[in-house]
Structures are given as structure tokens and as C-alpha cells.
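Structure first, commentary second.
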Amino acid sequence: MKLRKAMAVALAGALVLTTFATGTTSEAAKKTKLKTKKVSIYVKGKKKISITGKKAKHKYTFTSKKKKIAKVSKKGVITGVKAGKTTITVKDTWKQKGKKKTKKLGTINVTVKKKTTPKPKVTAQVTQAPAPQPPAPQVSQDPNGGGSPTTPPDATQTPTAPPAKTSKPPKTQPPTPVPTPTPPSREEQQPTEYFPANMAEVEQVDGVTYDPETGYITVKDVEQFCIPLGYTVKNGHAIWVKIKGRMNGEQGFRSWMVNDMANKTTLSDQWEAKNEEGFQAPGEFDYTFQLLSESDDVTCLLIKGPVYGTNIDDLLITSIEISYPLGEGGSTKPDPDEPTVNMDLEKHTITAGSKTTAEVSASAGQIKEVTWSVEDETIATVEKDAQDAKKATITGVKAGETKVTAEVKVTVEGKDFTVTTEKDLKVAEEGALVVNASIESAPTEVIVGETAELKVTVDTGTIESVVWKVEGDAATIETDSVEAVKAVLKTVKVGEVTVSATVTVKKDGKTATDTAKVTINVIKDPTDIIEIDITKNISIAGWGNKATYEVQSDGSVKITWPEGSDNYTFCKFSFNPMILTGYYCVIDAEGHYTNVDIQDAEKKEPDWGNPLSVTKPAYGVTFPYTVKLDDEVLNTDITATDGTKADYTNVGGVNIYKGTETEEFSLTIKSIKFYKYEEDIPKA
């Protein structure tokens with residue numbers, strides 16, 4: 001053993017000397033670097049921080065100097081909050097010889113820009129007939145009985161000069177907005193079916209924690225936070241909220257609706273817990289209340305401190321359910337996908353008479369019940385944990401092999417699923433040397449082109465040798481010439497590989513061998529394929545008779561243009577600004593042919609102040625429609641208000657136009673995706 005250690009030290013020294021002498025770049029290639037140095041985004045825009053050469057067992061932290069300008073998640077996703085500048089510090093933390101080490105990787109300069117609202121420009125010289133006057137303001141009923149003039153929601157919508165082949169309306173007369181139907185009164189809107197809010201999407205705020213196992217949200221010393229409703233609530237429409245949990249503090253909380261997480265503009269009446277009958281803090285709570293939307297831009301439920309300037313002290317929320325009386329919400333929400341369930345065994349090999357533990361987890365939702373069983377009870381038995389149904393204790397009976405099975409009942413967004421998972425268990429004779437080899441820090445996914453550091457460990461004994469292998473051609477394995485317990489996985493293409501480490505261990509004169517295996521998926525960079533959530537941020541614009549849209553149960557969106565509707569009426573799917581130079585935009589739809597236009601998120605046309613078209617308008621296209629965002633289709637016909645042409649650095653929307661069809665027709669949009677590589681586009 002001493003000879004082996006001496007040889008290892010000598011070899012290590014030789015490698016170091018060789019590196020200095022030859023100037024190899026192997027170590028430089030492994031060095032962790034902060035790739036992102038500068039970020040420019042819009043309010044509500046997002047950007048992922050890129051770090052190259054990440055290492056196993058290292059933790060990377062991100063801190064924003066001014067969270068009111070830009071915030072950053074634990075995964076390094078920057079979100080613009082309001083216009084301004086700030087910096088984000090990135091640190092690398094790890095343990096070395098039992099001591100915590102921290103290194104600053106660098107700082108990122110972040111600029112957040114505000115999106116300006118385009119306004120129609122009216123030319124003084126009128127060459128056509130005068131534009132008709134907008135209709136008189138509607139009078140909406142005040143919840144307290146009074147009446148106040150309310151501008152129809154569409155009255156402030158910015159007209160957009162669309163790509164239709166018929167003649168444009170004269171630019172000297174702005175379009176006349178059409179009022180939307182007045183919804184029923186507040187009292188007439190009663191709750192229908194309740195749907196669980198997706199609490200996993202709670203706003204990432206310091207002091208707000210979501211527990212994926214229980215599905216609960218804990219809040220401590222927080223001013224406010226948002227939970228997305230999943231839908232845009234229209235002006236005059238109400239929602240009903242059921243909220244349950246426990247107030248561990250003494251203050252309570254308030255709630256109302258806002259436009260979005262970034263701006264949090266108050267757009268409904270306010271509800272206060274302290275006004276509820278039987279209010280008690282600390283104590284359990286189960287409240288139901290109604291909120292009435294005061295805008296067409298409501299997307300989030302805000303939870304805030306009990307009074308101005310006072311934070312929520314200590315709150316546990318166990319469930320939130322929403323009912324949309326007018327049906328534009330929960331009734332159109334698609335069913336959630338079945339979750340995956342995984343079982344972890346503390347030890348995959350035990351001796352007769354010894355024990356190990358098992359625990360199950362679900363990819364989504366809340367685990368309600370688990371039924372545990374063992375295939376052969378003469379080899380091992382299983383007993384459910386009395387305190388936690390997700391855990392169980394397994395006891396070896398005699399030498400042999402069997403399976404441990406868990407039947408798991410999971411509730412996801414109000415829907416119940418039953419999923420089964422199992423693991424192999426080996427029981428050795430009493431007193432046998434049990435190795436229980438495992439591969440530490442093995443990721444489930446690695447992006448192609450990146451590496452992953454692996455290390456094998458055992459329960460007991462001295463490791464004599466390790467044989468590493470990889471099955472599959474998506475990656476190769478490179479062993480450490482000094483430390484046999486370490487290896488580096490080098491990915492070469494997309495696919496799946498199984499890495500195994502066969503370990504021979506010696507202890508007290510006994511020798512034993514065990515093989516640890518892990519399956520790793522080599523994937524493309526997630527940003528190579530970007531799918532737009534077409535069920536959100538939808539708007540209708542145009543002149544005259546307008547189109548309507550409806551989100552279908554399968555997540556598609558059906559657009560209908562009524563008979564005689566104006567040629568320029570369009571449905572817009574908006575999203576956060578993205579740099580999409582060279583990407584392929586693919587729109588999958590079913591129904592009538594129509595026109596397509598892709599818009600800039602910032603640049604405006606000088607005449608109307610409308611968003612500038614990034615691509616040349618496409619007329620009468622059939623679906624699926626594919627266009628590559630490059631110079632071939634770049635719209636250079638119009639110069640923006642800032643004197644520049646369109647480009648692909650601020651793509652922010654896709655428009656579907658009616659065109660010249662005169663009869664009523666509809667089109668169902670199935671998906672809008674952007675592909676970085678043409679080979680990823682599904683073949684028709």
C-alpha cells in the first residue's frame with residue numbers, strides 16, 4: 001500500500017511538471033469561467049447566466065446589488081424589474097479538505113430598459129372623410145353602488161399597420177375602437193368550478209419558499225409576492241379565491257390582483273384577512289373571497305403585508321384555488337401531465353438482519369399516499385414509516401435478490417394519479433462484506449459539449465481498484481491517472497449513456513466487488529429550441545369588427561374572424577424580447593390560410609408608432625409555416641423612429657392577420673416555436 005501511494009505522489013508530481021513544461025491547455029479547459037459579462041434586457045425580460053467548466057460538488061450563487069432593478073434566481077436567471085442599471089455577483093463555493101472555499105467568478109453589468117407604449121400619430125392634414133368619434137364611455141357599476149365612467153378596454157389599444165394585400169386605411173385617420181360587451185354585475189358573478197393555482201410558480205422573493213414535496217409555501221418577513229393566475233382576467237370580470245393555511249405570526253395579510261410580477265400595479269379591489277369573521281393570528285385559516293378586475297391586463301394574485309409598511313411576519317399557505325365565474329379561466333385549462341415518481345434506496349445491498357431505508361419523490365404535485373411492498377418477503381420485509389408515508393424501512397431476512405415496490409398516489413393541480421416505481425435489492429449473508437458502491441454527483445442531464453466530473457464511493461473498506469465503463473456513443477469516459485475513484489464524462493452528441501464503476505474493496509482480510517451504475521442523458525442546449533406559451537399574453541387588435549380567440553383544452557388557441565371583419569384585424573402572441581438571429585420560426589396551425597408578421601419588441605414605425613416588423617410580411621401562408629430569421633427576410637422597407645432598421649435582437653411577438661377573406665373563418669394555432677438548428681425541426 002505504501003509503495004502504491006508513493007508511486008501515485010511521484011506520478012502526480014510528474015504530471016504537474018509536464019503541464020508547466022509543455023504549456024498544455026487541459027487544465028485551462030477545465031477552468032470555471034463566467035461567460036456572461038454584460039446583459040441588456042427589458043422589464044419582465046429574462047436572461048440565463050452562462051458559466052463554462054462547471055464542476056461537481058461546487059455551488060454557484062448569484063447576488064443582485066439592486067433587486068429593485070433586476071433580480072436573479074438560484075439557477076442564475078436574471079429578470080428585469082424596472083428600468084435602471086445594477087450588477088450581479090457570481091461566486092463559486094466548494095469544500096476542500098473539510099473546509100469551505102469561496103471564489104468570486106466575476107460580476108455582470110445589467111441594464112434594464114423600459115418598454116415604451118406606442119401611441120397612434122395623427123397627421124394634421126386630413127385627406128379623407130373625418131374619422132368617426134369613439135363611442136361614449138360606458139358606465140360600470142361601482143361595487144359600493146356608485147357609477148364611474150370607464151374607458152372601454154380596447155380604447156387604448158395601439159393600431160398596427162398590418163401586412164394585408166388590400167389597400168391600407170389612410171394614415172391620416174386613427175381607427176375607432178370598438179367597446180367590448182359589459183360583463184354582468186359583481187353580484188351576478190358567482191363561483192363555478194375551482195381550480196388549484198400552480199403554487200410552484202410563486203414569485204422568487206427572499207423569504208418565500210415553495211416545498212415541492214408538500215406543495216406548501218412558507219413566507220417569513222416579506223413585504224409582498226405574487227402567484228400567477230394562469231390566465232388574463234378581463235376588465236369587470238371577477239375571480240373567487242379559496243386560500244388555506246396557518247398564520248404563525250400575529251399580523252395577517254392582504255390580497256388583490258395586479259397586472260404582472262414585475263410591475264404589480266393594483267388592478268382590483270382589496271381583501272384583508274383581519275376583516276374576516278373569526279380572524280385569529282396565530283391560527284389556522286380557510287378564507288374565500290371575491291376580487292373584481294379593473295383592467296384587461298390582470299395576470300397575478302398579490303399577497304401583501306397587513307398594512308402599508310408592515311411585512312408578512314410568518315405565514316404558511318397550504319392551498320390556493322381559483323374560480324372564474326365567466327369561464328375564461330379554469331374551464332379552458334388543460335389537464336396536467338402524469339408525474340414521474342422515483343425511489344431512492346439508502347443502500348442497494350444489505351446483509352441478513354440489517355436494515356436500509358427507502359424514500360419516494362414525485363416530479364410534480366403532492367404525494368398523498370404510498371403503498372409499500374416487497375416481491376419476495378422471504379428475502380426482505382418492508383415497513384412504512386409511521387411519521388412520513390414517503391419513507392419506509394427494509395429489513396434483510398436471508399441471502400437473495402428481490403424488488404421493492406411503491407405504489408404512489410399523487411395529486412397534481414387537483415387531479416389524482418397513481419404511479420408505481422420499484423428498485424432492485426440484494427441481501428447478502430450475515431457478516432458478509434458489503435460494498436454499496438455509488439457514483440457521486442452524477443447529473444441526470446448534461447448539455448452536449450460539456451463535461452461532468454464523477455466520483456465513486458463505498459460504504460466501507462479500502463478501494464483496491466476501479467474499472468470505469470460507458471455504454472452508448474453519446475459520451476466517452478476519461479479516468480484519472482492518479483485517483484482511480486474519479487473520472488470525467490465527455491459528451492460528444494445527443495443521446496443516452498450508462499456509466500458504470502466496478503469497485504473492488506478489501507477489509508479485514510475480506511475482498512468484495514460491487515458495480516455502481518448511472519444513466520445520463522446528453523441533451524441539446526435548452527435554448528436551441530424555444531417554445532412560446534401561446535395560452536398567455538394574447539391580444540386582439542384591428543379596426544372595425546374584431547376577431548375573438550379561445551384557449552382550447554389541449555393548449556391550442558382558436559382564432560375566429562367574423563363575417564365582414566376588417567382585413568387588418570389580427571391576433572398577437574407576445575413574449576419577452578429575445579435575440580433570435582438565425583433561428584427558424586415554425587408556426588403549426590390548422591385551418592384557413594392567412595398572413596403572418598413577426599414584430600420587434602422595442603422599435604416603432606414613425607408614422608403610427610406601431611411595433612416595427614422584423615420580417616417581411618408573409619401573405620396567404622399555409623401551415624406549418626417556417627421562416628428563417630436572417631437577412632433574406634429582414635424587413636428593410638420601413639425605418640424605425642430611432643432611425644434604424646429592424647433586426648433580430650428584440651423579437652417580441654408573432655401576429656396572425658385575417659387578410660382579404662370576406663366570410664367568417666377560423667384558424668387554430670397549435671404551437672409557435674423557434675429552432676436554432678434546422679435539423680431539429682420536425683418533418684412534415
Side-chain angles (χ1 to χ4, degrees), residues 63-64 66-69 71-74 79 81-82 143-144 186 191 194-230 233 238-295 298-323 366:
T63 306
S64 176
K66 298 179 182 178
K67 294 179 182 179
K68 292 184 178 180
I69 301 295
K71 60 184 180 181
V72 61
S73 71
K74 293 179 181 179
T79 303
V81 178
K82 71 175 184 178
N144 297 320
R186 182 191 191 106
Y194 283 89
F195 291 85
N198 188 355
M199 300 212 296
E201 293 185 357
V202 65
E203 183 180 10
Q204 294 182 1
V205 177
D206 289 342
V208 175
T209 305
Y210 171 75
D211 185 344
E213 293 189 2
T214 62
Y216 298 166
I217 295 172
T218 56
V219 187
K220 292 186 178 181
D221 193 24
V222 174
E223 177 190 2
Q224 61 185 18
F225 64 96
C226 282
I227 295 176
L229 295 170
V233 185
I239 67 168
W240 285 80
V241 181
K242 281 185 179 180
I243 183 168
K244 298 179 182 180
R246 175 178 175 80
M247 286 179 280
N248 297 312
E250 300 178 352
Q251 299 294 327
F253 60 98
R254 296 175 292 164
S255 181
W256 58 82
M257 292 191 288
V258 297
N259 53 344
D260 54 54
M261 287 187 183
N263 298 318
K264 297 183 176 64
T265 302
T266 300
L267 295 176
S268 79
D269 54 325
Q270 181 181 133
W271 169 87
E272 297 182 38
K274 67 179 182 180
N275 292 335
E276 290 287 330
E277 184 178 354
F279 169 78
Q280 182 178 350
E284 306 286 334
F285 64 84
D286 183 351
Y287 298 133
T288 301
F289 55 90
Q290 184 192 44
L291 297 174
L292 188 70
S293 173
E294 298 172 355
S295 170
V298 173
T299 66
C300 291
L301 181 71
L302 180 78
I303 309 293
K304 194 174 175 67
V307 294
Y308 178 77
T310 301
N311 288 359
I312 302 170
D313 46 12
D314 194 345
L315 179 68
L316 174 69
I317 301 175
T318 58
S319 73
I320 298 177
E321 295 180 297
I322 310 292
S323 175
Q366 184 177 357

Of all heavy-atom pairs between [X] and [Y], which one has the smallest distance, and what is that distance?
X	Y	value
Q366	Y216	NE2-OH, 3.8 Å
A197	I227	CB-CG2, 4.3 Å
V72	T63	CG1-N, 4.2 Å
G245	E284	O-OE1, 3.3 Å

* Asked: Side chains of W271 and Q290: donor-acceptor distance under 3.5 Å anywhere?
  ->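 Absent: no donor and acceptor within the cut-off.
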* Would you please say whether a donor-acceptor pair under 3.5 Å links the side chains of T266 and W256? => yes
* **Ring centers of F289, Y287 separated by less than 6.0 Å** => no
Heavy-atom donor-acceptor pair, [X] side chain to [Y] backbone, under 3.5 Å:
X	Y	result
E203	C226	yes
S268	M257	yes
D286	K244	no
S255	L302	yes
N259	T265	yes
D313	Q251	yes
R254	G305	yes

Should the heavy atoms of other residues, nucleotides or ligands under 6.0 Å from [atom1] of [X] be counted, would the total exceed 12?
X	atom1	result
K264	NZ	yes
E250	CD	no
E276	CD	yes

Look up atom [atom1] in [X] and atom [atom2] in [Y], then write down how far apart they are to the nearest 0.5 Å.
X	Y	atom1	atom2	answer
D260	L267	CG	CG	9.0 Å
I217	I317	CD1	CD1	5.0 Å
D221	N311	CG	CG	5.0 Å

* **Any residue meeting ring pair (Phe, Tyr, Trp, His ring centres under 6.0 Å) with F279, in chain and number order, not counting sequence neighbours** => none
